[in-house]
Amino acid sequence: MADTHTPVRWQSRRAFILAVTGAAVGLGNIWRFPYITGENGGSAFLLQYVAFIVLLGLPVMMAEIMIGRTGRAGPLAALTQLARDNGRSRQWSKLAVFGGLTLFLILSFYAVVSGWSLAYLGKSINGDFVGLAAADVGAQFNGFLQDLPLMLGCHLAFLLMTMLVVARGVSAGLEKLNNLLMPLLYLLLLLLAGFAATTPGFGEALHWLFWPNPEALSWQATLDAMGHAFFTLAVGACALMAYGAYMPEEQSLPRAAVAVAVLDVVVALLAGIAIFAVVFSHGMEPAGGPGLMFVTLPVAFAEVPGGSLWLSAFFVLLVLATWTSSINLAEPLVAMLVDKQWPRPLAAAVVGGCVWMLGVLAALSFSLLSDWHPLGFIAVFDGKTLFDLLTSIPPDLFLPLGGLFIAWFAARGLTTEQIETALGSAFMARLWRVVVMWVSIPMLLAVLLITLYRW
Ligand code: PFF
């Protein structure tokens with residue numbers, strides 16, 4: 001089990017759920033969810049996203065944890081060994097490599113946006129937002145994107161924070177800190193959503209988010225909703241397999257997966273409500289793009305008594321959440337190299353270096369490289385910067401594609417007995433298999449194929 005993910009052994013059911021939640025809750029909930037909801041017309045996106053979580057995200061999440069739990073090893077070792085034991089092709093281990101590539105691409109933009117959060121922590125401590133009108137906060141974000149020393153410095157600092165923990169290979173202390181502080185982040189979001197209820201745009205925000213609006217439906221919204229269901233649950237890149245390896249024997253996998261998914265969706269909804277209440281109260285544009293969180297939260301907190309202190313606390317907690325998610329993105333990559341006998345610090349340095357380089361190019365998409373469209377020769381990607389491509393292709397296409405193979409391997413490559421043991425009962429095993437074979441896999445195939453066809 002040389003490539004297992006983390007040396008922590010989950011001693012309790014709670015520890016397992018908290019650890020998986022640590023990987024799941026991050027920028028996906030607080031930054032990406034609101035902005036793609038905004039770009040895709042609110043409820044037209046949100047309702048599909050919730051459906052995809054239930055019909056695709058959850059069953060595939062169970063598949064992923066199940067493979068790790070049955071193989072009792074990290075992704076590469078678990079897939080290799082299970083394929084061998086069950087007489088399946090050795091090629092299945094490539095799934096872990098594809099997952100690694102996806103994680104690498106995701107981490108490269110994740111670290112950039114985490115760097116923005118770090119910079120915004122500094123700005124809020126500094127009182128940079130005090131007394132600013134909503135429009136000025138927006139202008140400040142645009143200025144920040146041009147401030148290369150600050151932006152790239154924070155990107156580098158964040159990446160160093162992440163890779164140092166991964167290089168040491170022990171994240172038990174951080175895990176504890178995370179478990180202690182994450183409930184505070186949820187509480188703060190709840191408070192913020194509560195305050196949002198007192199603002200004039202609250203009703204409009206709720207209506208826009210939850211009231212079905214068939215006119216806003218688009219294929220892009222469907223594709224984004226599917227991709228985001230995977231992204232937010234950290235499913236589809238084999239990263240969760242390692243967690244399954246350490247799951248306590250007596251723990252119910254389906255129950256744990258449902259707990260994580262519910263918490264994850266609730267956090268996203270709270271963030272969405274808080275952010276869109278600001279948008280509608282101040283006549284801002286819902287489709288504000290990747291800057292949405294950064295231009296609305298300072299305004300949202302300004303309405304709370306003692307706001308700038310709360311804003312700083314919020315960014316501390318957000319940075320912590322993105323830190324644990326980034327460690328979870330980087331660890332499987334480093335573990336794969338460690339498996340090939342690389343010394344861990346060297347593996348962390350090489351992975352960190354590559355992620356840094358790609359991240360710098362992505363970060364420059366808003367200034368020096370704004371006219372660079374790396375896939376411009378393909379019609380659908382014309383006009384997209386590197387940042388645009390990284391934030392859409394790996395989450396929207398690679399994670400669902402990985403998820404498709406993970407689901408197939410779990411449903412067809414594991415024996416019925418193995419599935420029953422992993423899921424805890426014959427009934428759950430049957431239910432899960434029916435859902436995966438008749439709903440999740442056909443749905444995934446349909447969305448991916450229609451997307452390709454439309455291109
Ligand atoms: N789920 C994380 C988020 O919502 O921020 C992102 C993520 C982490 C995706 C780990 C994939 C992963 F393996």
Side-chain angles (χ1 to χ4, degrees), residues 17-18 20-58 61 113 117 182-199 201-213 216-217 221-222 224-235 257-281 284 286-288 290 292-297 299-301 303-304 310 314 317-318 321-322 325 395:
I17 293 178
L18 286 171
V20 180
T21 311
V25 175
L27 288 175
N29 308 65
I30 299 166
W31 165 72
R32 193 172 191 263
F33 169 77
Y35 101 75
I36 55 175
T37 304
E39 284 182 341
N40 286 304
S43 64
F45 169 86
L46 195 146
L47 301 177
Q48 294 191 76
Y49 154 77
V50 174
F52 281 133
I53 291 265
V54 176
L55 299 174
L56 296 180
L58 252 181
M61 184 187 215
V113 182
S117 310
M182 277 309 97
L184 287 182
L185 177 67
Y186 309 152
L187 210 68
L188 216 53
L189 276 171
L190 191 66
L191 186 88
L192 201 58
F195 262 102
T198 64
T199 59
F202 183 67
E204 201 181 338
L206 285 191
H207 186 270
W208 187 78
L209 279 170
F210 297 108
W211 193 258
N213 176 12
L217 282 176
T222 303
D224 281 348
M226 179 177 81
H228 193 68
F230 283 87
F231 184 81
T232 194
L233 295 178
V235 166
V258 170
V260 172
V262 169
L263 192 63
D264 193 81
V265 171
V266 169
V267 172
L269 291 181
L270 289 176
I273 290 170
I275 283 176
F276 286 109
V278 173
V279 166
F280 289 107
S281 297
M284 292 157 94
L292 188 66
M293 174 184 101
F294 296 94
V295 304
T296 48
L297 285 183
V299 180
F301 276 103
E303 285 163 12
V304 181
W310 291 113
F314 181 87
L317 296 169
L318 180 68
T322 67
S325 291

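What you are looking at is a predicted structure, and each value in this text was computed from that prediction instead of being measured.
- Across all non-hydrogen atoms, the minimal contact from Phe210 to Leu47 is O-CD1, 4.1 Å.
- How far CE of Met182 is from CG of Leu18: 10.5 Å, rounded to the nearest 0.5 Å.
- Rounded to the nearest 0.5 angstrom, Ile30 CD1 and Ser117 OG are separated by 9.0 Å.
- Residues satisfying the ring-ring contact (aromatic ring centres under 6.0 Å, His included) test with Phe33, not counting sequence neighbours, are Tyr49.
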One pair to check against side-chain contact (heavy atoms from CB on, under 4.5 Å): Met293 and Val113. What are the steps and the verdict?
CA-CA 11 Å; Met293 174 184 101; Val113 182; 5.8 Å; no
Determine, stepwise, if the pair Leu192 / Leu297 fulfils side-chain contact (heavy atoms from CB on, under 4.5 Å).
CA-CA 9 Å; Leu192 201 58; Leu297 285 183; 3.8 Å; yes
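- When all heavy atoms are compared, the tightest approach of Pro286 to Phe280 is CG-CZ, 4.1 Å.
- Note that CH2 of Trp208 and CZ of Phe276 are 4.0 Å apart. Values are rounded to the nearest 0.5 Å.
- Contact record, Ser325 with Val25: OG-O, 3.1 Å, taken as the closest heavy-atom pair.
- Considering CD1 of Ile275 and CH2 of Trp31, their distance stands at 12.0 Å, rounded to 0.5 Å.
- Scanning all heavy atoms of the two residues, the minimum distance from Ile273 to Ala196 falls at O-CB, 4.3 Å.
- Using modelled atom types, one finds a donor on one side chain and an acceptor on the other under 3.5 Å when comparing Asp264 with Thr232.
- Asn29 contributes a side-chain N or O that, together with a main-chain N or O of Gly26, makes up a donor-acceptor pair within less than 3.5 Å.
- Screening Val50, Leu46, Leu189, Leu209 for a side chain to side chain contact (heavy atoms under 4.5 Å, CB included) involving Leu269 leaves a single residue, Leu46.
- Leu317 pairs by the side chain to side chain contact (heavy atoms under 4.5 Å, CB included) definition with Leu181, Leu184, Leu185, Leu188, not counting sequence neighbours.
- Between the side chain of His228 and the backbone N or O of Pro395, no donor-acceptor pair lies under 3.5 Å.
- Aromatic ring orientation, His207 versus Trp211: parallel (interplanar angle below 30°, classes split at 30° and 60°).
- Closest non-hydrogen pair, Ala193 versus Phe202, comes out as O-CE1, 4.3 Å.
- Under the ring-ring contact (aromatic ring centres under 6.0 Å, His included) criterion, Trp310 pairs with no residue at all, not counting sequence neighbours.
- Listed here is the closest heavy atom pair of Glu39 and Ala287: CA-CB, 4.0 Å.
- How far OG of Ser43 is from CG of Leu217: 8.0 Å, rounded to the nearest 0.5 Å.
- Put simply, the side chain of Val278 does not reach to within 4.5 Å of the side chain of Thr199, judged on heavy atoms.
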Might you work through the side-chain contact (heavy atoms from CB on, under 4.5 Å) test for Tyr186 and Leu270, ending with a clear yes or no?
CA-CA 8 Å; Tyr186 309 152; Leu270 289 176; 5.7 Å; no
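- Of the inter-residue distances, the one linking Thr21 atom OG1 with Leu233 atom CG reads 10.0 Å to the nearest 0.5 angstrom.
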